[in-house]
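A short write-up of the structure that comes next.
The analysis underlying the following values was restricted to heavy atoms, covering all of them including side chains, and did not include hydrogens, waters or symmetry mates. A, B, ... follow the sequence lines: proteins, then strands. Residue 1 opens every chain.
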Amino acid sequence: MSKTAHRRKGEASFSPGGLRRKQEANDALPCDSVIASLSSLGISEHDRRTFLKLAGAPCLAACVSSCVAGWPSLALGAGSEPAEDSRFIVEAQFYEKLPYKKTRCKLCPRECVIDDQERGYCGVRENRGGSYYTLVHSRVCAAHIDPIEKKPLFHFFPGSLAFSVATAGCNVNCKFCQNWDISQSRPEQVRNAYLPPKELASLAQQNRCPAIAYTYSEPVVFYEYMRDAAEAGHALGIKSVVVSGGFIQQDPLKKLCQSVDAIKVDLKAFSEKYYKEVVNGELKPVLDALVTMRKQGMWTELVYLVVPTLNDSEAEFRALAQWVKANMGAEVPLHFSRFYPQYLLKNLPPTPLETLERAKAIADAEGLHYVYLGNTPGNAAENTYCPKCRRIVIERIGFTVKEMHLRKGKCEYCQQAIAGVWQ
Amino acid sequence: MRQRLEPNRREFLKKCAAGAMLAGGTRRLPAFFSAREKAKVVNARDPLLRGTGSSLDSGRLLKMLDRSVQALYATDSPLEAWKKVARPGEVVGLKVNGLAGRGISTNVLLVEVLCSRLQDAGIPQKDIIIWDRLNADLERAGFRIATHHDRVQCFGNDTLGYEEELATYGSVGSCLAKTLTQVCDAVINLPVLKDHGIAGVTMALKNLFGAIHNPNKYHLNVGDPYVADVNMLPPIRQKVRLHICDATTAQYEGGPSYMPQWTWPYNGLLMSRDPVALDYIGWQILEQKRTEKGMKSLRAIGRAPDYIATAADPNHRLGTNDPSQIEQAEV
C-alpha cells in the first residue's frame with residue numbers, strides 16, 4: 001500500500017490589501033499559508049495604488065503568514081485605474097456586426113445586442129464603433145495558488161496545485177455569489193494587474209503548479225484570455241482547468257474544449273425556474289454544454305450548491321442524478337455543496353447536513369459512482385471510494401489529500417479503473 | 001421562493017427615518033406623497049428655441065427653464081422656485097446623461113443656465129456638481145472635467161468610485177456612487193427624452209442607473225422591475241428632488257445611441273417632481289412621434305417600458321402613471 005502525504009494543508013494566496021479571500025463558488029474554508037511572492041506577479045504600472053500597497057507589504061511576500069485575503073478583493077473602489085489601457089482590449093472572437101453600429105455577442109446564450117459605447121450583461125465586453133471588444137484580456141483581478149481540490153476537481157491530478165486567476169465580470173448574477181465584488185463589477189471598478197498569457201504560464205511553472213485554473217468569477221467572459229493562456233501554459237507543460245457555470249454557446253465551447261484539460265461546472269439547479277429567478281440565466285444551454293463537453297472528451301465534474309428551500313427537493317435531486325447518468329455517465333463526479341448565506345441570499349440558513357446527505361443518498365441510489373459532499377470538512381463523503389470494492393482510494397480532509405491508493409488510475413485493492421485524469 | 005428580496009435592516013431603518021421625516025411635516029415633500037394632489041408635469045416648449053440655426057438660444061432656454069420651474073412650484077419668480085429645490089449650504093448634484101455624445105445627451109447649455117439660476121438662488125459654485133457615470137461620457141457630451149473645489153465641479157463616478165456595501169431593494173443589489181451618497185445633499189435629475197433599444201425609453205427613472213455600479217445587470221425584461229427597484233434605493237429616493245428632462249432634441253428610435261435620422265427638435269423641457277408621471281408623459285410623446293412616422297408602438301415590438309407602471313405600484317409608490325392623476329401644464 002502506498003501512502004502519499006500530499007502537500008501542506010490548504011494553500012496559498014497573495015493579496016495586496018484585499019479584504020476578502022476569493023472563494024470558489026461553494027468554498028467556505030480558510031486558506032492557511034502564503035507561498036507565492038507578491039513581487040513576482042508583475043503588477044502593472046498603471047495601478048499605482050496596488051503597487052504602493054504591495055510595496056508597503058513586503059512582509060507578506062517575504063514570509064509565510066496566516067490567511068491572507070483574496071488578492072485585490074477590495075474591489076469596488078477608487079477608480080485608480082485609467083479608463084483606457086490598450087493592453088487589455090482585444091477584439092472579441094464571437095460576435096456579429098449589426099446595422100447602425102450594433103453588435104450581437106455570440107459567446108454566451110444571452111446574445112446581448114449592444115449599442116455603440118455600451119457593454120453586454122457581463123460588463124466586460126464593449127461595442128466600440130460597431131466592433132466588439134473584450135476589456136479584460138490579461139487584466140487579472142484575483143490570483144491565488146489553490147489546491148486543485150478547492151475548485152473542486154477531485155479526479156484531476158489530486159493533491160496538486162492550481163495557479164488560479166480571474167478577471168472582473170460574469171454573464172449571470174447568482175443571488176448567492178460569494179465573489180460578487182469582482183464578478184458583478186466592471187474591470188475598472190476593481191484593482192487589476194497586467195498578466196499576459198506567457199507570464200501567467202511562467203508564474204504557474206515557477207510556483208510548481210501543474211495547472212492554471214480560470215475561476216472565481218466566470219471564465220467564459222474572459223474567454224480570449226483563457227484560451228491564449230491555456231496555449232501558453234501547454235507550451236510549458238502546464239494544464240488548464242476551467243471553473244464555470246457552463247453558460248456558453250456551442251461554437252466557443254467546442255473551441256475551448258480543444259484548449260483546456262478539465263472543466264468543472266456549477267450546475268446551479270435542475271429547474272428553469274431557479275435559473276431564471278436566482279441565477280438570471282437558463283438551464284437548457286448549460287445542459288447542452290455539459291453534453292458537448294463529454295462528447296468532446298473533456299474531463300468534467302459537477303458541483304450542485306444546495307440552497308435551502310430553493311433547489312433542495314428530493315425530486316430535483318433525483319431528476320438531476322438521472323439526467324447526469326443518462327447524459328454524461330455514471331462516472332462523472334457530482335459534488336453536493338453546502339450553501340452559506342451570501343450576497344443577496346442572506347435571509348436563508350446554511351444547508352443542513354442532513355439535506356446534503358439525503359442528496360448524496362439519492363444520487364448514489366440512482367447509480368452515480370462518485371458523489372461527494374462539499375463544504376463539510378471531515379465528512380466521509382469527501383473521500384473517493386472504489387465503486388467496486390467500496391474501499392477508500394483517495395482520502396481527503398478538506399482540500400488536503402491524506403492518502404491515495406491508486407495505481408495507474410486503478411484501485412490498489414481490486415484493480416477497478418477509477419475514472420479521472422491521474423497522470 | 002421569494003422572488004423579491006425584502007429590504008435589509010439598514011434600509012428598513014432608513015425608511016423608518018424617512019417616514020418620521022414625512023410625519024413631521026418636513027419641507028420639500030414630493031408631490032406624490034400627497035394622496036389628493038395630482039402629480040404635475042410641466043411641458044415647456046419654444047418653437048423659436050433654435051432661432052434660424054441649429055444651436056440653442058441660451059436666452060430663450062433660460063426663459064423656458066424659468067417658466068417651467070415657476071409653473072411647477074407655482075411661484076411668481078424663478079428664484080423663489082429654485083429656493084424650494086435647494087438651500088444654500090447644500091451640495092447639489094446635477095445628474096446628466098452623457099452616454100450618447102453631443103447629439104442626444106443632456107445639453108451643456110441647459111446645464112449652464114441651470115447652474116446660473118442655482119447660483120442666483122444662493123447655491124455657490126463650489127456646491128454644484130455635474131456628474132454622470134464616466135468622465136469619458138461627460139467629455140463626449142461636451143462637458144469639461146473639473147474637480148477644483150472653488151468652482152462648479154464636473155466628474156464621473158470613476159473619480160470617487162462606489163460604496164463597498166450593497167444597497168438592495170427587490171430584485172436589485174448595487175453599490176451606489178459615492179458622489180451621490182457622500183457628496184450630494186440634493187440631486188436634480190437631467191435625463192434626455194429618448195428611445196432605448198432594450199428598456200423601451202430612457203428618461204427620469206432610467207437615468208438613475210448612472211448612480212449604480214452594475215447597470216448592465218438590470219436591462220433584462222425591458223428593465224422591469226429593475227428600473228423601479230433602483231429608484232427605491234434610499235439615497236436615490238431621498239436625494240433626488242427634481243427631474244428636468246431635456247427635450248430640446250428628442251429621439252424616438254435607435255436609442256440610447258445617437259441616431260440623427262430618428263431625432264427631431266422638440267424644443268422643450270419636461271419638468272416634474274414625480275419621475276413616474278414625467279416618464280409616462282415622455283413615453284406618450286415618443287409614441288406619438290412613432291405613430292406620425294409610421295412606426296409600430298413600443299408595445300407592439302415588445303419594448304413597452306412597463307417599469308413605469310411598476311414604479312407606480314403599491315410596492316414602489318414612486319409616483320403615478322395614471323393620466324387622471326397627472327396635471328399637465330403647458331407653458
Side-chain angles (χ1 to χ4, degrees), chain A residues 19-20 73-84 99-102 110 112-127 130 169-173 175 177 180-181 183-186 188-190 273-274 276-278 280-281 307-311 343-348, chain B residues 1-9 98-101 133-137 139-140 145 155-166 168-179 195-198 212-221 226 253-262:
Chain A
L19 293 179
R20 263 183 289 172
S73 54
L74 185 64
L76 302 168
S80 58
E81 186 177 308
E84 277 295 309
Y100 305 113
K101 293 186 179 176
K102 291 176 190 264
R110 201 176 290 283
C112 294
V113 174
I114 301 150
D115 277 284
D116 188 17
Q117 303 299 324
E118 292 271 37
R119 294 189 192 177
Y121 186 87
C122 61
V124 302
R125 290 168 180 268
E126 187 168 285
N127 179 336
C170 184
N171 58 350
V172 293
N173 186 7
K175 289 181 176 172
C177 184
W180 65 267
D181 54 346
S183 70
Q184 302 305 316
S185 295
R186 295 175 174 223
E188 61 273 23
Q189 293 169 346
V190 299
K273 182 174 186 287
Y274 182 98
K276 182 179 180 188
E277 295 176 353
V278 180
N280 284 296
V307 182
T309 74
L310 300 185
N311 66 354
Y343 187 37
L344 301 175
L345 280 186
K346 290 182 178 170
N347 55 332
L348 294 176
Chain B
M1 66 162 290
R2 287 189 307 176
Q3 185 171 4
R4 296 194 176 196
L5 303 173
E6 295 301 325
N8 64 25
R9 183 172 168 273
L99 176 71
R133 217 166 42 114
L134 299 170
N135 285 332
D137 286 354
E139 288 176 325
R140 269 202 309 275
I145 304 305
F155 51 79
N157 293 338
D158 40 348
T159 297
L160 296 180
Y162 296 86
E163 298 288 350
E164 288 173 18
E165 291 289 317
L166 273 179
T168 63
Y169 185 88
S171 60
V172 163
S174 295
C175 299
L176 288 159
K178 288 179 180 173
T179 309
D195 171 82
H196 192 289
I198 303 173
I212 60 173
H213 85 290
N214 55 352
N216 47 301
K217 297 297 180 189
Y218 300 131
H219 287 78
L220 303 175
N221 196 38
Y226 308 104
E253 172 69 12
S257 298
Y258 175 49
M259 297 285 170
Q261 66 272 38
W262 291 312

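Rounded to the nearest 0.5 Å, atoms CG (A:Asp116) and CG (B:Leu99) are 9.0 Å apart. To the nearest 0.5 Å, atoms CG (B:Asn221) and CG (A:Asn280) are separated by 10.5 Å. In this structure, the separation between CG on A:Asp115 and CE on B:Met259 is 6.0 Å, given to the nearest 0.5 Å. Between the CG atom in A:Asp181 and the OH atom in B:Tyr162 there is a gap of 15.5 Å [rounded to 0.5 Å]. Between the NE2 atom of B:His219 and the CD atom of A:Glu118 there is a distance of 6.0 Å, given to the nearest 0.5 Å. To the nearest 0.5 Å, atom CD of residue B:Glu253 and atom OH of residue A:Tyr100 are 8.5 Å apart.
Contacts of A:Asn173 with chain B are made by side-chain atoms alone, with heavy-atom separations under 4.5 Å and no backbone atom involved. Contact of A:Cys122 with chain B is made through the backbone alone, with heavy-atom distances under 4.5 Å.
B:Asn216 is listed as a side-chain neighbour of A:Arg186, based on a closest heavy-atom distance under 4.5 Å.
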Report the C-alpha separation of B:Asp137 and A:Gln117 in whole Å, then their side-chain angles, then the decisive distance to 0.1 Å, and conclude whether the side-chain contact (heavy atoms from CB on, under 4.5 Å) test is met. CA-CA 9 Å; B:Asp137 286 354; A:Gln117 303 299 324; 6.0 Å; no

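Among all heavy-atom pairs drawn from B:Leu166 and A:Leu344, the shortest one is CD1-CD2, 4.1 Å. Closest approach of A:Trp180 and B:Cys175 over heavy atoms only: CZ3-SG, 3.7 Å.
By the side chain to side chain donor-acceptor pair (under 3.5 Å) test, A:Arg119 is found to be paired with A:Glu126, A:Glu188, residues two or more places apart in sequence or in another chain being considered.
B:His213 contributes a side-chain N or O that, together with a main-chain N or O of A:Gln184, makes up a donor-acceptor pair within less than 3.5 Å.
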